[in-house]
J.: 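Below are the structure tokens for one structure; questions will follow.
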Amino acid sequence: MVSNLSDYKTEVHNDWCPGCGDFGIVNAIQMALAEMEIPRHKAAIFSGVGCSGKTSHFINTYGVHTLHGRVLTFAQGAKLANPGMTVVAAGGDGDGLGIGAGHFVAAGRRNVDMTYIIFNNAVYGLTKGQASPTLKLGLKTKSLPEPNVNQSVNPIALAIASGFTFVARGYAYDVRQLKDLIVAAVKHRGLAFLDVLQPCPTYNDINTRDWFAGMDNIDEITKKPLPRIYKLEDTGYDPVVHIDSTMEENEKLTQALIKSNEWDAKIPTGIFYKNELIAPYDQRISDRIPNYLENPPASQEISNNGKPITNISKILDSLEV
Amino acid sequence: MSSIDLTWVIGGPQGGGVETAANIFAGACAGCGLKIFGKREYYSNIKGEHSYFGVRVSDSTIRSNVSGITMLVAFDAETIFRHAEDVFDDGAIVYESDLSQVKADEVQTLDLQFKGRLVKYLDSKNKPATIQGALDAAKERGVTLYPVSFKAILSNLADETGNPKLRGMFRMQNVLAVSVSLGLLGLAPDTLLSSVANIFAKKKEIAEMNKHAANYAYNFAAAKFQKFKHQLSPIPKEPNTILVQGFQSTGLAKIACGCRFQSYYPITPASDESVFLESNETFDIENERPGSTMVVQTEDEISAIGMVIGAALTGTRSATSTSGPGFSLMAEMLGWAGINEVPIVVTLYQRSGPSTGLPTRHGQDDLQFAIHAGHGDFPRIVYASGDTEEGFYDTAKCFNFAENFQIPVIHMMDKFIASTVSTVPRFDVKKITIERGKLLQKIDSEGYTRFAPSPDGMSPRSKLGLENGIFWNTGDESDEHGHISEDPVNRVYKMDKRAKKLEVALQTISKEDQAVKYEGSETCIVSWGSTKGPILDAIEMLKKENKKVGFVQIKLLHPFPADYIKSLLKDVNTIINIEANHSAQLGSLLNEYLDRKVDYHILKYTGRPMTCNEIYESVKKVLDDKAEKKEVLTYGV
Ligand SMILES: Cc1ncc(C[n+]2csc(CCOP(=O)(O)OP(=O)(O)O)c2C)c(N)n1
Ligand code: SF4
Ligand SMILES: [Mg+2]
């Protein structure tokens with residue numbers, strides 16, 4: 001089956017604001033699915049609540065638009081019950097790092113083999129522009145009455161600290177790179193996190209497309225803008241933990257954390273950290289339930305002509321007086 | 001032959017092995033064919049606070065605890081202080097003889113409120129607030145005292161077996177206490193020994209040591225003391241009897257009826273069920289590959305129910321198990337399952353609220369909450385089991401309801417059932433049916449819509465991964481495909497479609513599954529949940545006095561089967577509502593639906609389950625026209 005990009009698009013009317021970064025992210029997801037030729041019924045997109053939450057309706061695979069902050073819980077449940085699915089969770093920065101932050105951390109510890117994409121616009125888009133957890137301290141975006149009084153959370157560092165085994169950043173207007181990152185994230189064995197810088201032209205008048213492009217930061221000599229965004233791979237950065245040694249791991253974790261701290265003048269994109277030496281959740285379960293992957297919950301036969309076929313007599317015998 | 005009905009209570013600090021002792025005692029008696037009804041009471045604490053286990057033993061059917069103790073066993077002072085007064089006048093106290101000089105003031109874990117009442121009571125009997133005082137007060141009433149030096153027995157055992165370590169093995173006192181009790185109660189030691197072997201089955205050496213100790217203590221008691229007035233004797237064993245704890249019933253049913261995904265966040269008294277499922281996560285399937293349950297301990301209850309919904313969307317039978325605080329957190333998710341027509345089961349083991357409330361104590365406080373939890377109008381089923389046996393069969397029914405009606409089901413259980421150990425007929429898997437409703441296993445061509453119109457409100461249900469079955473879900477109102485829609489016409493269609501299910505549920509859930517009528521009478525008790533056992537036992541007690549009282553147990557609480565309940569009560573003059581909460585939550589439902597008012601409410605909210613005696617006394621008051629409109633029960637420590 002050859003997949004066309006159009007196969008992955010729905011006809012649902014898209015009501016995002018003109019110029020919203022979300023368009024680029026949805027395109028990149030559709031392109032990635034087409035490139036990997038994942039049968040439509042074998043993929044499920046879960047989304048949170050926010051502007052970003054509408055994503056699942058625009059993609060022509062199974063689509064589950066969940067609750068504010070809870071997208072990871074639904075997505076993990078589905079993936080654990082049917083590990084044959086390609087599961088992508090998507091949601092806002094408020095969704096994943098504010099109300100859903102507990103789930104974010106817990107998901108990292110499990111390392112379920114799926115992908116989580118955060119649409120990072122530093123605002124609560126759908127509720128009209130309040131500060132999100134990623135807005136920097138002291139900034140006053142358009143609809144804030146006063147400057148932000150909270151420190152921002154560093155999504156990359158938090159993902160690494162929580163145990164995500166693939167941590168990367170993309171940019172909503174670099175759809176090609178983003179598509180590649182999504183493909184890499186989906187193919188990664190374990191939980192992959194993708195922080196996508198997503199300009200919100202309506203409410204975030206600070207981290208705009210021009211700002212990312214460095215239009216306010218002109219090189220004195222060339223008179224050209226100095227773009228803030230750059231690609232880690234262009235600097236020879238190697239994110240992969242190649243060998244199972246503490247030294248190697250420490251080195252890769254530390255460099256990722258240091259890189260994650262870059263902001264303002266230079267903003268790295270690409271893969272920060274990748275470690276496939278840590279067992280994904282399904283492998284941990286298979287160690288206990290040997291036929292888990294071959295006969296997962298969603299595939300198990302439970303009845304025959306309306307009658308149960310599970311044998312519980314051993315347990316009942318042990319309770320017999 | 002006089003009939004057997006006695007209550008044996010053992011108390012001690014939490015973590016001190018009280019539960020093991022009670023299990024051995026229950027196992028030994030059940031092994032002789034006797035019927036068991038036991039319950040554990042404990043503080044929200046891990047080590048040190050007082051816990052106790054009461055085991056009622058009888059030669060005929062019992063379904064509840066009684067008020068009062070036939071034999072109290074204590075190797076700590078607190079047990080005597082707390083329970084001596086509750087021992088029947090012709091009962092007995094078996095106690096560590098070392099303790100007699102202990103003063104109430106020296107027992108750190110006796111709370112001031114209780115101590116105040118204790119001192120007052122002993123004072124009224126002219127006794128000091130010491131163990132000796134408490135024992136003397138009991139003795140004056142006729143209670144037989146059996147002082148035993150458990151420490152000395154341990155020491156003798158150590159010498160005899162040349163194993164000095166035994167001297168310090170205080171946990172072994174539990175086994176000694178059971179053995180001494182059974183020696184006094186005259187039950188031959190063979191089932192005691194096999195019960196000990198059974199409890200320590202996984203640790204051979206410890207089992208041998210304990211068996212030896214049990215034998216020693218049994219003989220010691222039989223030789224040293226006169227036989228106690230109340231005696232146990234074996235009766236013919238009913239075949240296919242199991243000794244089971246309440247939480248195991250729902251767990252076993254989940255395995256049997258094909259629940260293959262359970263996520264949970266630890267909470268008393270619900271998590272025992274999840275731990276049980278994880279301990280039995282793999283099993284055999286007839287003519288199939290081995291099966292397994294995926295049990296996931298989540299970061300909170302929101303995640304627990306979120307995962308359940310996600311798993312249910314793959315066509316997997318999925319459930320969570322929780323108690324009030326956790327269920328509160330699940331409210332928003334419940335609505336999501338409702339609007340998206342996802343079949344999930346929430347097993348709600350209630351405890352006393354509000355807030356953390358009495359976290360390890362019993363209550364039926366959450367009926368109205370279960371019916372109303374979550375914002376917006378959406379259908380759900382609330383179904384309540386009356387005891388352990390019902391817990392098993394009802395769990396299977398709840399999954400059928402969930403799948404038949406594509407709806408969240410809240411299965412009401414509670415602390416009383418969860419921590420009850422009782423002998424019940426072996427669960428019969430053949431009595432279970434598995435109904436999967438309109439779940440599709442295959443879709444041949446394109447064009448599927450998840451929420452297609454259907455006269456009964458249920459559309460054919462696809463599942464994640466099914467070819468040609470793609471659908472969308474959203475917490476927003478949605479169209480037939482599951483895409484967001486704010487169209488007013490569509491809104492009416494979807495609201496009506498979902499609401500229709502409750503009508504169909506009332507029409508199709510069998511009458512016996514909706515409510516059970518246990519003989520009729522002009523005076524009729526109406527109740528729900530775990531009050532069933534004590535009510536039935538109380539009715540038996542009343543019958544012996546030629547007093548007839550009816551009982552209707554309502555199991556389907558939402559949608560409320562108003563017409564059916566009305567028909568069951570049509571010849572009834574006096575309705576007595578009985579439940580373990582403060583505001584008479586079923587009472588308000590009855591008042592709302594029955595076109596008449598409940599005449600009497602018998603309520604209990606001490607956090608302790610009702611005994612049959614309490615219900616017997618208060619119903620008798622009603623019959624004698626001496627009852628208040630609202631009778632409040634208070635027995636138990
Ligand atoms: C429990 C709950 N609280 C509040 C809301 C209201 N709400 C809807 S979207 C949103 C924030 C969206 O921000 P973000 O997650 O960053 O997504 P964005 O719109 O920026 O894509 C909030 C607070 C809600 N839907 N649910
Ligand atoms: S508010 Fe911002 S994030 Fe939301 S659609 Fe408009 S531009 Fe996009
Ligand atoms: Mg946002």
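Please read these numbers as outputs of a predicted model, since none were measured by experiment. Numbers restart at 1 for each chain; the letters A, B, ... are given by sequence-line order, proteins then strands.
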J.: Compare every heavy atom of A:Ile315 with every heavy atom of B:Phe276, then report the nearest pair and how far apart it is.
T.: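 Minimum heavy-atom separation between B:Phe276 and A:Ile315: CZ-CG2, 3.9 Å.
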J.: Identify the heavy atoms of B:Thr316 and A:Ala298 that sit nearest to each other, and give their distance.
T.: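 Of all heavy-atom pairs spanning B:Thr316 and A:Ala298, the closest is OG1-CA, 3.2 Å.
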J.: Heavy-atom distances under 4.5 Å only: say whether A:Lys314 touches chain B with side chain, backbone, both or neither.
T.: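 When you check distances to chain B, only side chain atoms of A:Lys314 fall under 4.5 Å.
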J.: Heavy-atom distances under 4.5 Å only: say whether B:Phe399 touches chain A with side chain, backbone, both or neither.
T.: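 Interface part for B:Phe399: neither.
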J.: If I measure from the heavy atoms of chain B, does A:Val12 come under 4.5 Å with its side chain, its backbone, both, or neither?
T.: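 For A:Val12, the contact with chain B is made by the side chain alone.
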J.: Select one option (side chain, backbone, both, neither) describing which atoms of A:Leu80 are under 4.5 Å from chain B's heavy atoms.
T.: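 Both parts, backbone and side chain.
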J.: Testing the 3.5 Å rule here: is there a donor-acceptor pair between the side chains of B:Arg260 and A:Thr310?
T.: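 B:Arg260 vs A:Thr310: donor-acceptor pair found between side chains.
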J.: Taking every heavy-atom pair that is under 4.5 Å apart, which of B:Val244, B:Val429, B:Asn468 has the most such pairs with chain A?
T.: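 Ranked by contacts with chain A, first place is B:Val429.
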J.: Heavy atoms only: give me the nearest A:Pro308-B:Ile434 pair and the separation to one decimal.
T.: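 Shortest heavy-atom contact: CA-CD1, 3.7 Å.
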J.: Is B:Asn280 in contact with chain A via its backbone, its side chain, both, or neither, using a 4.5 Å heavy-atom distance?
T.: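 Side chain of B:Asn280 only, per the 4.5 Å heavy-atom cut-off to chain A.
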J.: Quick one: what part of B:Phe471 sits under 4.5 Å from any heavy atom of chain A, side chain, backbone, both or neither?
T.: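 Both parts, backbone and side chain.
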J.: Minimum heavy-atom separation for A:Asn311 to B:Phe283, with atom names?
T.: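 Heavy atoms of A:Asn311 and B:Phe283 come nearest at O-CB, 4.3 Å.
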J.: Relative to chain B, which segment of A:Asn60 carries a heavy atom at a distance below 4.5 Å: side chain, backbone, both, or neither?
T.: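 It is both, since atoms from each part get that close.
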J.: Quick one: what part of A:Gln300 sits under 4.5 Å from any heavy atom of chain B, side chain, backbone, both or neither?
T.: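 Only the side chain of A:Gln300 comes within 4.5 Å of chain B.
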J.: At a heavy-atom separation under 4.5 Å, does B:Gln245 approach chain A through its side chain, its backbone, both, or neither?
T.: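 Answer is neither: B:Gln245 stays 4.5 Å or more from chain A.
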J.: Are the charged groups of A:Arg109 and B:Glu299 less than 4.0 angstrom apart, N to O?
T.: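 B:Glu299 and A:Arg109: not salt-bridged.
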J.: Hey, are B:Arg289 and A:Asn291 close enough side-chain-wise for a donor-acceptor pair under 3.5 Å?
T.: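 Distance-only check fails for A:Asn291 and B:Arg289.
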J.: Chain A heavy atoms under 4.5 Å from B:Thr293: which part of the residue, side chain, backbone, both or neither?
T.: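 The backbone, not the side chain.
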J.: Hey, which of B:Arg436, B:Met333, B:Lys430 has the most heavy atom pairs under 4.5 Å with chain A?
T.: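 Most heavy-atom pairs within the cutoff with chain A belong to B:Met333.
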J.: Need one label for B:Thr423: side chain, backbone, both or neither, based on atoms under 4.5 Å from any heavy atom in chain A.
T.: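 Only the side chain of B:Thr423 comes within 4.5 Å of chain A.
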J.: In terms of heavy-atom proximity below 4.5 Å to chain A, should B:Ile432 be classed as side chain, backbone, both, or neither?
T.: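 For B:Ile432, heavy atoms of backbone and side chain both lie under 4.5 Å from chain A.
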J.: Which atoms of B:Ser263 come close to chain A, meaning under 4.5 Å heavy atom to heavy atom: side chain ones, backbone ones, both, or neither?
T.: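 Neither the backbone nor the side chain of B:Ser263 comes within 4.5 Å of chain A.
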J.: Tell me the closest heavy-atom pair linking A:Leu319 and B:Leu252, and the distance in Å.
T.: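 Closest approach of A:Leu319 to B:Leu252, heavy atoms only: CD1-CD1, 4.0 Å.
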J.: Could you tell me which portion of B:Asn340 (side chain, backbone, both or neither) has an atom closer than 4.5 angstrom to a non-hydrogen atom of chain A?
T.: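 Interface part for B:Asn340: neither.
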J.: Do you know which of B:Asn400, B:Thr433, B:Thr314 has the most heavy-atom pairs with chain A at a distance under 4.5 angstrom?
T.: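 Top count of heavy-atom pairs under 4.5 Å with chain A: B:Thr314.
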J.: With a 4.5 angstrom heavy-atom cut-off, could you sort out which part of A:Thr10 is near chain B: side chain, backbone, both or neither?
T.: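 For A:Thr10, side-chain heavy atoms alone lie under 4.5 Å from chain B.
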J.: Please determine, among B:Ile285, B:Asn240, B:Asn198, the option with the most heavy-atom pairs under 4.5 Å with chain A.
T.: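 Looking at each of B:Ile285, B:Asn240, B:Asn198 in turn, B:Ile285 comes out on top.
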J.: Using non-hydrogen atoms and a 4.5 Å limit, figure out which bit of A:Leu316 sits close to chain B: side chain, backbone, both or neither.
T.: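 Both parts, backbone and side chain.
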J.: Between A:His57 and B:Ile484, is there a side-chain heavy-atom distance shorter than 4.5 Å?
T.: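 When only atoms from C-beta onward are counted, A:His57 and B:Ile484 do touch, with a gap below 4.5 Å.
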J.: When heavy-atom pairs shorter than 4.5 Å are enumerated against chain A, which of B:Ser478, B:Gly291, B:Ala396 gives the highest number?
T.: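 The answer is B:Gly291.
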J.: Specify the closest pair of heavy atoms between B:Ile242 and A:Val321, including all atoms of both residues, with the distance to one decimal.
T.: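 It is C-CG1, 4.1 Å.
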J.: Is there a salt bridge (charged side-chain N to carboxylate O under 4.0 Å, His left out) between B:Glu278 and A:Arg288 once you walk through the steps?
T.: CA-CA 11 Å; B:Glu278 189 169 334; A:Arg288 284 166 28 178; 3.6 Å; yes
J.: Take A:Tyr62 and B:Trp472 through the ring pair (Phe, Tyr, Trp, His ring centres under 6.0 Å) test and state the conclusion after the steps.
T.: CA-CA 6 Å; A:Tyr62 281 96; B:Trp472 289 266; 8.2 Å; no
J.: Select one option (side chain, backbone, both, neither) describing which atoms of B:Gln441 are under 4.5 Å from chain A's heavy atoms.
T.: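 For B:Gln441, no heavy atom lies under 4.5 Å from chain A.
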J.: So, are B:Arg426 and A:Asp317 salt-bridged, with charged N and O less than 4.0 Å apart?
T.: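 So B:Arg426 pairs with A:Asp317 through a salt bridge.
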